[in-house]
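Please read the structure below before turning to the comments.
Numbered from 1 within each chain, the chains take letters A, B, ... in sequence-line order.
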There are 2 protein chains.
Amino acid sequence: MGNNISDIIERYLKRILQQSQSGVIEVQRSELAELFQCVPSQINYVISTRFSVDHGYVVESKRGGGGYIRIRRIDLDEHAPLVSLVRSMGSTISQREAESVIDRLRREQVVSEREAAMLRAAVRREVLNVDLPYRDELRARLLTQMLLALSAAVQRAEDDARPQR
Amino acid sequence: MGNNISDIIERYLKRILQQSQSGVIEVQRSELAELFQCVPSQINYVISTRFSVDHGYVVESKRGGGGYIRIRRIDLDEHAPLVSLVRSMGSTISQREAESVIDRLRREQVVSEREAAMLRAAVRREVLNVDLPYRDELRARLLTQMLLALSAAVQRAEDDARPQR
DNA sequence: ATAATTAAGGTCAGAAATGGTCAAAGTCAA
DNA sequence: TTGACTTTGACCATTTCTGACCTTAATTAT
């Protein structure tokens, strides 16, 4: 994790999000900007690049007096996290988006650190090494197929553990 | 070992890599170039010729503000089977060959069933879906990088694959 | 009530800060 | 002299940071 302001703000928000049991926090844009000595729009940048739906967050806000920005962490479907996640993915995905999906899977412990490491390797642009826009399509196919394969493997494991059908 | 700039930079990087306990270092390309009085792209040359996969390193980078180049050394002793396997693989591999490699890794319990399932998905020709001979090259890159990432992944008890509930 | 003012937050384009690629030119030993 | 290795620089890609301008909501003044 880098040393730029965006990363610092990201860590701050994730920390207080963690501390709040509810998984929801409310902050004020101008106050945050003041705290971190940056322009207010930087907060929007951090939110849009690190707290997107792909990352598993929903952000709402209100303008005017008493305004706020509310960040809510959304958990994956308990029963079929991989399948429902794959369904929500398109036929194209950037490296950044793919990494946010992988981070989220890791956060919710759907994949192990080893599995996440493999996925991260597989979505890197230097590894895919084909020209855009085909690269983003290839990445989407790879990611969805690997996740579906994982899901199937989980299913098989559960079936084996319960042979009485 | 010559005395050209590339060799000097190589020695420098290996020295600080040695000094760092974690086996990972992060450097800034422009800073290094400044330090050794060379053009920035020389750093890329050094990295690609001396810190490649077959040398046992994994390199990642990030552009933009707060960018970096991260070099990670793979522990040869601890993960010998994978690393030597990766080294023995060429720059091209067919689906059939890839599958036999994966099967063998599974038999030898180097990878879990879940990991094997992901690997098998990633090497399928329908998933890669690019023309030969590029497909075989892409498959080789994917397989080597994923296995290397697996080697590099920090392994902790908590990371073990757990079934989803 | 309505209008004006104040207090938030949002957008977007462009600048700044990094790193990457590639091909041409240089060097040096066999 | 040739071929492998090194060095260089022009051009490219990605990520972050900034500020001017815009929208919405609450409060205050008329």
Task: Interface with DNA chain C, restricted to residues 95-104 of chain A and to heavy atoms under 4.0 Å - done: none
Open item on the list: So A:Arg70, base contact, sugar-phosphate only, or nothing? Heavy-atom distance under 4.0 Å.
Closed with: nothing
TODO: Scan for salt bridge (Lys or Arg N to Asp or Glu O under 4.0 Å) pairs involving residues 139-149 of chain A, sequence neighbours excluded, and state none if there are none.
DONE: A:Asp136-A:Arg139
Task: Contact check, side chains of A:Ile102 and A:Met118, non-hydrogen atoms, under 4.5 Å - done: no
- [ ] May I ask you to say whether A:Glu113 pairs ionically with A:Arg120, meaning some side-chain N is under 4.0 Å from a carboxylate O?
- [x] yes
Task: Of B:Ile5 and B:Lys62, the one whose closest DNA chain D nucleotide lies more 5' - done: B:Ile5
- [ ] Starting at atom CD1 of A:Ile71, determine the distance to atom C1' of C:dG10, rounded to an integer number of angstrom.
- [x] 15 Å
Task: Residues touching DNA chain D, which here means a heavy atom under 4.0 Å, drawn from residues 27-44 of chain B - done: B:Val39, B:Ser41, B:Gln42
Task: side chain to side chain donor-acceptor pair (under 3.5 Å) partners of B:Gln21, counting only residues at least two apart - done: none
Open item on the list: Between A:Ser61 and C:dG10, is there a contact of a side-chain N or O with OP1 or OP2 at under 4.0 Å?
Closed with: yes
Task: Test item: B:Leu128 and B:Leu142 side chains (from C-beta on) under 4.5 Å apart, heavy atoms - done: yes
Task: A:Glu26 CD - C:dG9 C1' separation (whole Å) - done: 13 Å
- [ ] Calculate the interatomic distance between A:Tyr45 atom OH and C:dC12 atom P; express it in whole Å.
- [x] 16 Å
Open item on the list: Distance under 4.0 Å to a non-hydrogen atom of chain A counts as contact; along DNA chain D, which nucleotides mark the start and end?
Closed with: D:dT14 to D:dA26
Open item on the list: Closest-nucleotide mapping onto DNA chain D: is A:Asn3 or A:Gly64 further toward the 5' terminus? I mean the 5' end.
Closed with: A:Asn3
Open item on the list: Tell me the interatomic distance from B:Phe51, atom CZ, to C:dG20, atom P, rounded to whole angstroms.
Closed with: 14 Å
TODO: Between B:Gly65 and A:Glu126, just flag the one whose closest nucleotide in DNA chain C comes earlier from the 5' side.
DONE: B:Gly65
- [ ] Side-chain contact test, heavy atoms from C-beta onward, threshold under 4.5 Å: evaluate it for A:Met89 versus A:Asp54 and give yes or no.
- [x] no
Task: Separation of C:dA29 P from B:Asn4 CG (nearest whole Å) - done: 11 Å
- [ ] Determine whether B:Ser30 and B:Ile43 make a side-chain contact, defined as any pair of heavy atoms from C-beta on separated by less than 4.5 Å.
- [x] no
TODO: Answer whether the closest heavy-atom distance between the side chains of A:Cys38 and A:Ile9 falls below 4.5 Å.
DONE: yes
Task: Set of side chain to side chain contact (heavy atoms under 4.5 Å, CB included) partners for A:Gln28, sequence neighbours left out - done: A:Glu31
Task: A:His55 side chain near A:Arg104 side chain, heavy-atom distance below 4.5 Å - done: no
Open item on the list: With heavy-atom distances below 4.5 Å as the criterion, would you say the side chains of B:Thr144 and B:Leu147 are in contact?
Closed with: no
TODO: Check every strand shown and say whether A:Arg124 touches a base, only sugar-phosphate, or nothing at a heavy-atom separation below 4.0 Å.
DONE: nothing
